[in-house]
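Reading through the structure tokens given below for one structure.
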Amino acid sequence: DDVIAFEGARIVYPGGAVAVEGLDLTVRRHELMVLVGPSGCGKSTTLRMVNRLVELTSGRVLVEGDDVARTDPVALRRRIGYVIQHVGLFPHRTVAQNVGTVPSLLGWSRERTRERTAELLDLVGLEPATYARRYPHQLSGGERQRVGVARALAADPPVLLMDEPFGAVDPIGRRRLQEEFWRIQRRVGTTVIFVTHDVDEAVKLGDRVVVMSKGGHVEQVADAVTLLAR
Ligand code: ADP
Ligand code: ADP
């Protein structure tokens, strides 16, 4: 059961940079797939094809069987959680309002949104009573990334895209976030593509690790144990 499929996916940026030359890859349901590779090899571009932040030059990307090029980008992004290195929380909205963004857009009732928000904050280790009414500037970097994860998961998206989500967090905080995120993903079962340039992080988190080189070339696809043995 493939949730995401890249079929000859190719991205040439305006100006002629070939970021991804032609990618064939599938991600199975409930899988946590890590893309690892050097800076500039095309990892972010690969993620951004999935939620249509970049448009394919040729080839196709399918999400749950739907060709993303034929799917309304706004509807698509409600089905796809996205967390980046400096997660852009809405600065004038509380933590709870940030987490409730997509549920509100989807027209969930206040009560249901409130319950879900509290549940998600618990899940990412932020006590709702303490954090729900704070504003982003009242949070540490690690706490902001936790809110970002909660917001991305709020409406139970089938797919979650993570782009160096813990890259700006201090090393100890990062380790804790990795462990907690791994546990959350096991529990919730969201299909994840997780981008990092940190091999340790890749090995720690990935059900499968895709090693990428410049132009989005897949050098190797391995489970973490095989990768460690090399
Ligand atoms: P990674 O995530 O692995 O660091 P990226 O996907 O960000 O790699 O970038 C892949 C290549 O595409 C790089 O050569 C980068 O300079 C280029 N690139 C990325 N974004 C743009 C853009 N908006 N316009 C032009 N070139 C870009
Ligand atoms: P307002 O009522 O002015 O919109 P609130 O901060 O009271 O602002 O609530 C905004 C959103 O945050 C609502 O969706 C609400 O259900 C949610 N919310 C507020 N407090 C909590 C809490 N302690 N736990 C979970 N959700 C909360």
Side-chain angles (χ1 to χ4, degrees), residues 3-27 31-63 67-69 71 73-74 76-77 80-89 141 144-145 148-149 151-152 157 159-171 174 177-178 181-182 185 190-224 227 230:
V3 174
I4 305 168
F6 298 90
E7 299 178 350
R10 177 179 159 88
I11 301 272
V12 182
Y13 280 111
V18 184
V20 175
E21 294 199 45
L23 177 66
D24 293 294
L25 194 65
T26 56
V27 190
E31 184 173 36
L32 200 176
M33 196 185 77
V34 176
L35 292 184
V36 67
S39 181
C41 73
K43 304 181 298 297
S44 294
T45 301
T46 299
L47 277 195
R48 293 154 65 89
M49 294 179 200
V50 180
N51 58 6
R52 276 189 77 176
L53 291 177
V54 294
E55 297 291 344
L56 287 156
T57 308
S58 58
R60 290 203 305 175
V61 175
L62 306 177
V63 172
D67 184 341
V68 300
T71 307
V74 175
L76 189 67
R77 285 170 208 153
I80 300 177
Y82 186 47
V83 182
I84 59 178
Q85 186 163 14
H86 295 282
V87 61
L89 298 179
R144 267 185 230 129
Q145 294 309 106
V149 172
R151 182 176 64 178
V159 172
L160 178 61
L161 307 176
M162 305 280 278
D163 194 345
E164 304 261 6
F166 312 137
V169 180
D170 66 273
R174 186 191 307 184
L177 278 171
Q178 288 166 348
F181 177 69
W182 186 84
Q185 197 274 339
T190 312
T191 303
V192 180
I193 308 182
F194 190 109
V195 159
T196 182
H197 60 254
D198 176 351
V199 177
D200 290 336
E201 185 168 65
V203 167
K204 198 163 183 178
L205 293 178
D207 294 318
R208 264 196 311 163
V209 177
V210 173
V211 182
M212 203 171 247
S213 64
K214 188 147 185 61
H217 286 290
V218 173
E219 290 295 319
Q220 189 191 3
V221 182
D223 59 63
L227 201 72
R230 279 167 53 92

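Note that ligands are numbered from 1 as they come in the structure, with each ligand's atoms numbered from 1 the same way.
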Which class fits the ring pair Phe194 and Phe181: parallel under 30°, tilted 30 to 60°, perpendicular over 60°?
tilted
the protein heavy atom lying closest to atom 19 (C) of ligand 1 turns out to be Tyr13 CE1, 3.4 Å
Side-chain (Gln145) to main-chain (Gln85) donor-acceptor, under 3.5 angstrom
yes
Quiz prompt | salt bridge (Lys or Arg N to Asp or Glu O under 4.0 Å) assessment of Arg208 paired with Glu31 | solution = CA-CA 8 Å; Arg208 264 196 311 163; Glu31 184 173 36; 2.6 Å; yes
| message | Looking at Val68, is its backbone amide N or carbonyl O close enough to the side chain of Arg60 to form a donor-acceptor pair, meaning the two atoms are under 3.5 Å apart? | response | no
**Nearest protein heavy atom under 4.0 Å from atom 26 (N) of ligand 1, yes or no** = yes
A student checking ligand 1 against Cys41 at a 4.0 Å heavy-atom cut-off should list atoms 1 (P), 3 (O), 8 (O)
Lys214 heavy atoms within 4.0 Å reach ligand 1 at atoms 14 (O)
Backbone N or O of Gly8 within a donor-acceptor pair of the Asp24 side chain at under 3.5 Å?
yes
So the atoms of ligand 1 within less than 4.0 Å of a heavy atom of Ser44 turn out to be 1 (P), 2 (O), 6 (O), 7 (O)
Looking only at atom types and distance, does a side-chain atom of Thr190 sit under 3.5 Å from a main-chain N or O of Val192, one as donor and one as acceptor?
-> no
One finds that the ligand 1 atoms under 4.0 Å from a non-hydrogen atom of Lys43 are 1 (P), 2 (O), 3 (O), 4 (O), 6 (O), 8 (O)
**Prompt:** Does the N or O separation between Pro14 and ligand 1 drop below 3.5 Å for any pair?
**Reply:** no
Item to check | N/O donor-acceptor pair under 3.5 Å between Asp207 side chain and Leu32 backbone | outcome: yes
Quick note on ligand 1: atoms under 4.0 Å from a heavy atom of Pro38 include exactly 3 (O)
Closest to atom 10 (C) of ligand 1 among protein heavy atoms sits Gly40 O, 3.3 Å
protein heavy-atom neighbour closest to atom 9 (O) of ligand 1 works out as Thr45 OG1, 3.8 Å
If we number the atoms of ligand 1 from 1 as shown, the ones under 4.0 Å from a heavy atom of Ser39 are 4 (O)
Contact (N/O only, under 3.5 Å) between Ala19 and ligand 1: no
query = So, for atom 15 (C) of ligand 1, does the protein have a heavy atom nearer than 4.0 Å?
reply = no
shortest atom 8 (O) of ligand 1-to-protein heavy-atom contact is with Gly42 N, 3.1 Å
- Got a donor-acceptor contact below 3.5 angstrom from the Lys43 side chain to the Pro38 backbone? yes
